[in-house]
Amino acid sequence: MPLLIIAVGIAVLLLLTIKVKLNTFISLILVSIGVAIASGMGLNKVVSTIESGLGGTLGHIGLIFGFGVMLGRLLADAGGAQRIALTLLNYFGAKKLDWAVVCSAFIVGIALFFEVGLILLVPILFAIAREAKISPMTMCVPMLAGLLIAHGFLPPHPGPTVIAREYGADVGKVLIYGIAVGVPTLILCGPLMNKVCRQLIPDAFQKEGNLASLGATHHFTEEEMPGFGISFFTAMLPVILMAVVTVIEMMHLKASGDAGIVYNIVLFFGNSTIAMLVSLLVAIYTMGLSRGKNVTQLMGSCGQAVAGIAGLLLIIGGGGAFKQVLIDSGVGTYISTLVSGVNINPIIMAWCVAAFLRICLGSATVAAISTSGLVIPLLASYSHTNLALITLATGAGSCICSHVNDASFWMIKDFFGLTTKETLLSWTLMSTLMSISGLVFILMLNMVL
């Protein structure tokens, strides 16, 4: 019966969001209430469960989201993101544009939401394509691969950060393991996958795209952009801070006395929230004050950035509410009991649940958060579970098979002037390969840890 309730809940959620066109946040709350009541939860507990789920999820990641989106906006508004992309493009040269683009998207994508990174990088790709006299589609798949892998594997990107917080995983370890998994996945799903797509849909690689659908975009001149070094440092600073602390902790380096004080200070600044705050303050100077902008201008950019993610935060909170209903109503425990006698690798279990929900719901973030509600009760029956790898498996599963119920699918189709079939044989195929290969590399990493 609990499985039937979940199936009906997901079906209703699909109906409300796709057919009725109801706001995703409202749909999530309505479905959460329905699933809670159908599962036998007392009416006096329904609202408190939804509130605790929403508040608990946003309470963990609200600060990181806020600081992260401000950092990304300052980097974009100053031309820092464009500088990173153009420098790498010049370094790799015209014959290796796909490698340059995948690296650029990977770096820029760490600090930006997938859709924001897409809107930021597409005009740069079109400008490069115009200069090189090639189709923008030549660089499309590598760019999408870089953005999607950052979205699935690398804190402080909001996606894996949310999942890590839900599971109680160490964010620093998720980052280190995410890099280990992300790099080979990046190579496979970027330049190599791009060659496959050329064979599958050759006509798409002759199209000029549809940049007009982005509206007015600003292309920075050479004089307007900051240097590559400072731009790269600003974008990567939160990653550097968290990685340093993670390495120290993994090496079990501890100290006492004065050295102990320094050690605790380092740990403090390596905390994901503090790392993002420090990086934001650095960006205010490097991408703003040092370039002649005043505080009012910079805070205007930050305010616009936060306003732009208000809807996404509500959706994430709604996903957290749904997750909490699955836990408190006993659905997760029921599934745990159901599979308790089955020898299933928890990494594969997390990936499968996330993949199923992603295909059904379209939203990678909602799929990932909802997955935690089903998987967390299962983890109690496993000893020595690596929560960082469970986090990465959930992230990988939530990225699979982006298709017609995902807003990103239609954005990509429109920007690059593709047909639905061409979008399925490029973006959808790449996201599926990324998810499956990511799982394979995670399982390989699990064998050596």
Side-chain angles (χ1 to χ4, degrees), residues 64 68 71-72 84 88 99-114 117 142-165 167 169-193 232-251 253 266 269-272 275-276 279 347 350-351 364 368 386-399 430-431 433-449:
I64 296 174
L71 170 63
I84 292 172
L88 290 175
W99 288 97
V101 169
V102 76
C103 292
S104 301
F106 188 65
I107 294 169
V108 172
I110 292 173
L112 296 171
F113 293 102
F114 180 87
M143 177 195 68
L144 297 175
L147 290 174
L148 187 62
I149 289 168
H151 175 83
F153 295 144
L154 295 185
H157 190 284
T161 304
V162 171
I163 308 169
R165 294 292 186 181
Y167 285 128
D170 183 277
V171 177
K173 287 186 178 179
V174 174
L175 172 62
I176 297 297
Y177 298 158
I179 293 173
V181 171
V183 170
T185 307
L186 191 76
I187 296 171
L188 181 63
C189 298
L192 298 182
M193 184 63 194
F232 181 83
F233 174 76
T234 302
M236 297 297 292
L237 182 56
V239 175
I240 294 170
L241 290 174
M242 286 191 289
V244 167
V245 170
T246 302
V247 170
I248 291 175
E249 290 183 325
M250 291 176 69
M251 295 176 64
L253 298 178
V266 171
F269 282 101
N271 176 278
S272 55
M276 290 303 301
S279 301
I347 292 174
W351 183 89
N386 191 320
L387 294 177
L389 294 184
I390 296 291
T391 298
L392 292 177
T394 303
S398 71
C399 291
M430 186 278 292
S431 64
L433 176 64
M434 175 258 162
S435 179
I436 296 172
S437 59
L439 173 63
V440 172
F441 290 127
I442 291 167
L443 291 172
M444 291 173 62
L445 183 59
N446 185 50
M447 294 174 62
V448 300
L449 291 177

inquiry  = Quick one, Tyr177 with Thr391, criterion side-chain hydrogen bond (donor to acceptor under 3.5 Å, both in side chains). Give me CA distance, side-chain angles, the key distance, then yes/no.
reply    = CA-CA 10 Å; Tyr177 298 158; Thr391 298; over 6 Å; no
Spacing of Leu147 atom CG and Ile107 atom CD1 [to the nearest 0.5 Å] = 11.5 Å
For the student: nearest non-hydrogen atoms of Pro155 and Pro160, plus distance = N-CG, 3.7 Å
Closest heavy-atom pair and its distance - Leu186, Gly146 = CD1-CA, 3.7 Å
key: Euclidean distance, Leu175 CG relative to Met242 CE, rounded to 0.5 Å   = 5.5 Å
remark   = Residues at least two apart in sequence or cross-chain that pass side chain to side chain donor-acceptor pair (under 3.5 Å) with Ser431, listed by chain then number, are none
query = Taking C-beta and beyond as the side chain, do Leu389 and Leu449 meet within less than 4.5 Å on heavy atoms?
reply = yes
ask   = Heavy atoms, side chains only, cut-off 4.5 Å: are Leu387 and Asp170 in contact?
value = no
query = Does any non-hydrogen side-chain atom of Ile347 lie less than 4.5 Å from one of Leu392?
reply = no
request  = Before giving the answer on side chain to side chain contact (heavy atoms under 4.5 Å, CB included), spell out for Val171 and Asn271 the whole-Å C-alpha distance, their side-chain angles and the decisive distance to 0.1 Å.
outcome  = CA-CA 8 Å; Val171 177; Asn271 176 278; over 6 Å; no
Closest non-hydrogen atom pair, Ala145 against Met430 = N-CE, 3.5 Å
remark   = Residues at least two apart in sequence or cross-chain that pass side chain to side chain donor-acceptor pair (under 3.5 Å) with Ser398, listed by chain then number, are none
query = Looking only at heavy atoms, which two atoms of Phe153 and Ala396 are closest? And how far apart?
reply = CE2-CB, 3.7 Å
Side-chain (Trp351) to main-chain (Ser435) donor-acceptor, under 3.5 angstrom = yes
ask   = Which atom names give the shortest non-hydrogen contact between Met143 and Ala105, and what distance separates them?
value = O-CB, 3.3 Å
ask   = Atom CG of Leu237 and atom CG of Leu71: how far apart are they, to the nearest 0.5 Å?
value = 8.5 Å
query = How far does OG of Ser437 sit from CD1 of Ile149, to the nearest 0.5 angstrom?
reply = 7.0 Å
ask   = So, do Leu154 and Phe106 sit near enough that their side-chain heavy atoms are less than 4.5 Å apart?
value = yes
ask   = If you measure from OG1 on Thr185 to CD1 on Ile442, what distance do you get to the nearest 0.5 Å?
value = 7.5 Å
message = As a quick check of understanding, evaluate side chain to side chain contact (heavy atoms under 4.5 Å, CB included) for Ile179 and Val183, giving each step before the final call.
response = CA-CA 6 Å; Ile179 293 173; Val183 170; 4.1 Å; yes
Side chain to side chain donor-acceptor pair (under 3.5 Å) partners of Ser279, counting only residues at least two apart = none
inquiry  = If you compare all heavy atoms of Val102 against all heavy atoms of Gly190, which two are closest, and at what distance to 0.1 Å?
reply    = CG2-CA, 4.2 Å
ask   = Out of curiosity, Cys189 SG to Ile436 CD1, how far, rounded to the nearest 0.5 Å?
value = 9.5 Å
